[in-house]
Asker: 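Provided herewith is a single structure, encoded as structure tokens, for subsequent inquiry.
Atoms considered below: every heavy atom in the structure, side chains included; atoms not considered: hydrogens, waters and symmetry mates.
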Amino acid sequence: QVQLVESGGGSVQPGGSLRLSCAVSGFSSSGYCMAWFRLVAGKERVGVAQIDMWGRTKYSDSVKGRSAITISKDGAKYMLYLTIDSLKPDDTATYYCAAVPNRGCFSVFERRDFTDWGEGTQVTVSS
């Protein structure tokens with residue numbers, strides 16, 4: 001059974017940085033796509049970034065061009081990361097780790113595309 005456990009959230013001042021982590025267990029697929037989503041209160045859960053088993057990344061249009069957001073992984077440690085620098089109040093959200101086995105990533109990724117989810121970690125950006 002796949003388990004995804006996020007950590008690293010917290011309260012940060014604008015301009016600060018965070019690295020969110022997702023520990024993956026029970027994942028035995030030879031191919032996969034993993035992603036970070038975020039949920040702002042009162043809105044839909046939306047994709048932030050995705051990464052495939054070869055390390056190829058894709059960022060959603062909402063964050064594309066923002067060099068301060070980086071998705072990465074450490075396959076040897078079964079870890080997924082999301083680093084956000086220059087945090088803004090608009091980044092306040094619950095961040096979720098997601099995975100789908102046996103396929104590559106998507107040209108446009110949505111919540112329905114992923115089969116396994118973590119419980120989320122809260123990020124609050126305020127002064």
Side-chain angles (χ1 to χ4, degrees):
Q1 183 177 355
V2 176
Q3 284 193 317
L4 306 174
V5 180
E6 303 95 337
S7 61
S11 295
V12 187
Q13 291 190 340
S17 299
L18 278 177
R19 187 176 81 159
L20 306 181
S21 300
C22 175
V24 184
S25 62
F27 207 75
S28 60
S29 174
S30 59
Y32 57 82
C33 179
M34 297 197 71
W36 286 97
F37 283 72
R38 63 184 178 186
L39 175 64
V40 175
K43 297 187 177 181
E44 296 287 324
R45 190 179 302 192
V46 297
V48 177
Q50 57 181 343
I51 188 168
D52 67 16
M53 64 176 295
W54 296 279
R56 295 178 298 193
T57 61
K58 186 175 178 68
Y59 296 86
S60 69
D61 289 342
S62 63
V63 300
K64 194 176 295 184
R66 187 175 165 191
S67 60
I69 294 180
T70 305
I71 187 171
S72 60
K73 67 182 180 69
D74 185 332
K77 297 181 180 179
Y78 298 95
M79 296 292 296
L80 178 72
Y81 303 105
L82 185 72
T83 302
I84 311 176
D85 298 316
S86 303
L87 280 157
K88 305 175 181 180
D90 286 351
D91 294 319
T92 295
T94 302
Y95 286 76
Y96 296 88
C97 173
V100 58
N102 300 318
R103 65 154 297 141
C105 285
F106 306 86
S107 56
V108 178
F109 58 112
E110 299 178 342
R111 178 179 181 177
R112 62 185 178 184
D113 296 323
F114 293 82
T115 56
D116 301 291
W117 291 85
E119 295 294 318
T121 185
Q122 177 67 36
V123 173
T124 303
V125 185
S126 70
S127 54

Asker: If you round to the nearest 0.5 Å, how far is CZ of R19 from OG1 of T83?
Answerer: 6.0 Å
Asker: Closest approach of L82 and A49, non-hydrogen atoms and distance?
Answerer: CD1-CB, 4.5 Å
Asker: Please list every donor-acceptor pair under 3.5 Å in which a side-chain atom of residues 95-102 meets a protein atom from a residue at least two apart or in another chain.
Answerer:
residue	atom	partner	partner atom	Å
Y95	OH	R38	NH1	2.9
Y95	OH	D91	O	2.7
N102	OD1	S29	OG	2.8

Asker: Is there a path of hydrophobic side-chain contacts, each under 4.5 Å between heavy atoms of I, L, V, M, F, W or Y residues, that connects F37 with I51?
Answerer: no
Asker: Mind checking whether Y81 and V12 sit in one hydrophobic cluster, side chains of I, L, V, M, F, W, Y counted as touching below 4.5 Å?
Answerer: no
Asker: Distance check, rounded to the nearest 0.5 Å: Y32 atom OH versus L80 atom CG?
Answerer: 8.5 Å
Asker: Filter on side-chain hydrogen bond (donor to acceptor under 3.5 Å, both in side chains), then keep only pairs touching residues 40-50, sequence neighbours left out; what's left?
Answerer: none
Asker: Can you tell me how far apart CZ (F114) and CZ (F109) are? Round to the nearest 0.5 Å.
Answerer: 6.5 Å
Asker: Looking only at non-hydrogen atoms, find the nearest pair between Y59 and I71 and report the distance.
Answerer: OH-N, 3.0 Å
Asker: For the atom pair SG (C33) and CG (D52), what is the distance rounded to the nearest 0.5 Å?
Answerer: 7.0 Å
Asker: Would a single hydrophobic cluster contain both V123 and V63, if residues Ile, Leu, Val, Met, Phe, Trp and Tyr are joined by side-chain heavy-atom contacts under 4.5 Å?
Answerer: yes
Asker: Quick check for you: to the nearest 0.5 Å, what is the distance between S86 atom OG and I69 atom CD1?
Answerer: 10.0 Å
Asker: Do side-chain atoms of K58 reach the backbone of F106 as a donor and acceptor pair under 3.5 angstrom?
Answerer: no
Asker: Rounded to the nearest 0.5 Å, what's the gap from CD on E119 to CG on L4? Could you check?
Answerer: 10.0 Å
Asker: Would you check if the side chain of T124 reaches a backbone N or O of T92 as a donor-acceptor pair within less than 3.5 Å?
Answerer: no
Asker: Heavy atoms only: give me the nearest T121-G9 pair and the separation to one decimal.
Answerer: OG1-N, 3.1 Å
Asker: Measure across A93 and Q122 and return the closest heavy-atom pair with its distance rounded to 0.1 Å.
Answerer: O-NE2, 3.4 Å
Asker: Which atom pair, heavy atoms only, marks the closest approach of S60 to G47?
Answerer: OG-O, 3.0 Å
Asker: How far apart are the closest heavy atoms of S21 and W36, and which atoms are they?
Answerer: O-CH2, 3.7 Å
Asker: Taking side-chain hydrogen bond (donor to acceptor under 3.5 Å, both in side chains) as the cut-off, I'd like each qualifying pair that reaches into residues 2-12, sequence neighbours left out, listed once.
Answerer: none
Asker: Tell me whether M34 is reachable from V48 by hopping between hydrophobic residues (I, L, V, M, F, W, Y) whose side-chain heavy atoms are closer than 4.5 Å.
Answerer: yes
Asker: Decide whether Y78 and M53 are clustered together by the hydrophobic rule: side chain heavy atoms of Ile, Leu, Val, Met, Phe, Trp, Tyr closer than 4.5 Å, transitively.
Answerer: yes
